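I have placed the structure first, in the form of structure tokens, so that the comments after it can refer back to it.
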Amino acid sequence: MERESFDLPEGFWLGTSLSAHQAEGGNFNTWTRWEELPGKIKNRDQSGDACRHWELFEDDFELLRWIGANTHRLSLEWSRLEPQPGQWSNEAIHRYRQMFESLRAKGIRPIACLFHFTLPIWFEDAGGFENEKGIEEFLKFVSRCQKEFGDLVSIWLTMNEPVVYALAAFGAGLTPPGKKDISLALQVVSNLFEAHGRAFAILKNANPSYQISLAHHMRILSPERRFWPLDFLFVKKADAIFNWSLLHFLNTGEVHFQVPGICDLKRRVPEAVGALDFLGINYYGRDYLSFTPLSEEKIKLNQTPNHLDVKTDMGWEIHPQGVDKILHGIKRYGFEKIPLVMTENGIADHDDDLRSQFIYEHFSNFLIGCKKYGLNAKGYLHWSLLDNFEWIDGFYPRFGLFEVDYKTQKRLPRKSAHYFRGIAEKKCVFKPIPG
Ligand code: BGC
């Protein structure tokens with residue numbers, strides 16, 4: 001019989017992830033402005049009160065304790081902390097300190113992420129990460145956060161998904177500032193990589209015992225048309241940029257984006273070599289890509305293939321086998337000594353029919369794969385603790401272990417919250433009982 005339970009390694013970080021804008025409510029940033037534009041967000045949803053986590057954090061952290069989490073990742077909302085350039089909000093500083101204190105008092109280690117898709121409007125309007133000045137401004141923010149919170153936080157993520165952010169915001173034009181220029185998008189990726197390397201150095205110099213990384217989104221990319229060579233070639237290029245350019249950068253300090261007819265961009269950031277104490281991986285599944293140079297829409301990304309029997313509520317494929325492939329790739333980059341933390345993994349599943357099995361398959365594949373490839377499995381953080389505002393898809397996707405009733409702001413544990421609690425209690429990932 002196949003093995004059906006897998007012990008968590010000693011000292012494993014088990015918990016959940018959440019981001020400021022998706023949960024806090026009452027934010028005013030680049031996304032708030034974007035949400036007001038017609039046609040940008042499904043059902044014309046606006047983040048608005050979101051989960052009112054800004055007020056209800058204490059109760060939400062009780063939920064974390066109830067599921068047995070020992071780690072929780074959240075993000076610091078720059079636009080709250082520094083609403084105008086150089087003007088810091090004491091109230092926001094105080095509130096985030098309360099959050100970190102509350103987590104610590106419950107025995108939950110906080111992980112603070114310094115940039116999760118949202119930015120102050122003044123920063124974006126001055127060019128944001130499109131230019132060098134933006135990197136400097138971000139580094140000032142990082143440094144100040146270290147001073148304000150560095151006694152309560154010892155694990156940092158400099159940023160969430162730099163490649164996704166840049167491609168969606170500057171390539172596909174789907175998210176703010178909504179530009180459509182692949183060459184600019186890759187320039188922004190490379191600026192963000194540099195920002196990571198330098199932010200790492202700032203935090204490390206402030207306190208060498210900090211654990212610092214970033215959360216990198218990794219996906220399996222497949223050709224849409226199996227017998228169309230251009231799709232294959234395109235997937236190869238996209239995979240190299242999307243999944244592996246960051247690892248190459250962290251190994252060598254070098255970026256080289258070469259896309260024929262679009263850009264040939266090189267950069268060296270010496271301080272970025274080895275700029276990570278662990279690697280944060282966000283994994284959700286697989287996409288299908290097609291490349292048809294003579295058509296109007298040359299590049300197509302399909303996240304909702306028709307051929308599947310089982311899909312998430314957003315139509316995404318469930319592809320736990322991908323975890324093994326990603327780990328295999330990480331091994332090829334020589335990351336054996338770097339602890340790996342799944343910093344996000346989750347599913348939009350309102351009825352919670354699939355979530356426990358989803359967690360089981362991805363989490364166990366993570367533990368099995370790390371063993372198989374001699375990698376160090378250090379943590380698993382589920383996305384997410386609560387249902388929350390899912391960016392351009394608005395509120396309909398339900399990613400929470402706890403359901404949020406947005407009218408009453410009540411939280412209700414789903415079956416999968418009980419399952420997760422079981423994992424924490426038993427200190428092992430086990431096959432959930434169906435039904
Ligand atoms: C992002 C989250 C998002 C999740 C689910 C991740 O790429 O970091 O903010 O909610 O995916 O789509």
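All figures in this text were calculated on a predicted structure; none of them were measured in a lab. Values below: all heavy atoms of this structure, side chains included; hydrogens, waters and symmetry mates excluded. One-based numbering, in listed order, for ligands and for the atoms of each.
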Under 4.0 Å, heavy atoms only, figure out whether ligand 1 is touched by the backbone of Trp316, its side chain, both or neither. side chain
Can you list the ligand 1 atoms lying under 4.0 Å from a non-hydrogen atom of Tyr284? 4 (C), 5 (C), 6 (C), 11 (O)
Minimum-distance protein heavy atom relative to atom 3 (C) of ligand 1: Glu390 OE1, 3.6 Å
Presence of salt bridge, Glu82 and Arg144, under 4.0 angstrom: no
Got the closest protein heavy atom to atom 6 (C) of ligand 1, with its distance? Glu344 OE1, 2.9 Å
If you look at every heavy atom in Phe123 and Phe138, which pair is closest and at what distance? CE1-N, 4.4 Å
Consider only side-chain N and O atoms of His382 and Thr16, and report whether a donor and an acceptor are under 3.5 Å apart. no
Compute both the distance and the angle, then confirm whether Arg411 meets the cation-pi test with Trp66: under 6.0 Å from the six-membered ring centre, within 45 degrees of the axis. no
Considering only heavy atoms of His217, which atoms of ligand 1 have at least one such atom less than 4.0 Å away? 7 (O)
Taking only heavy atoms of Glu161, which atoms of ligand 1 are found under 4.0 Å from at least one of them? 1 (C), 6 (C), 7 (O), 8 (O)
Can Asn191 and Gln187 be counted as having a side-chain donor-acceptor contact under 3.5 angstrom? yes
Yes or no: does Met314 have any heavy atom under 4.0 Å from an atom of ligand 1? no
Please report whether ligand 1 has a polar contact with Gln22, defined as an N or O pair separated by less than 3.5 Å (distance criterion only). yes
Any luck finding a side-chain donor-acceptor pair between Asn282 and Thr343 under 3.5 Å? yes
Quick check on contacts: which atoms of ligand 1 are under 4.0 angstrom from a heavy atom of His116? 1 (C), 2 (C), 8 (O), 9 (O)
Applying a 4.0 Å heavy-atom criterion (strictly less than), which segment of Asn160 is in contact with ligand 1: side chain, backbone, both, or neither? side chain
So, Glu161 and Arg219, do they make that salt bridge, N to O below 4.0 Å? no
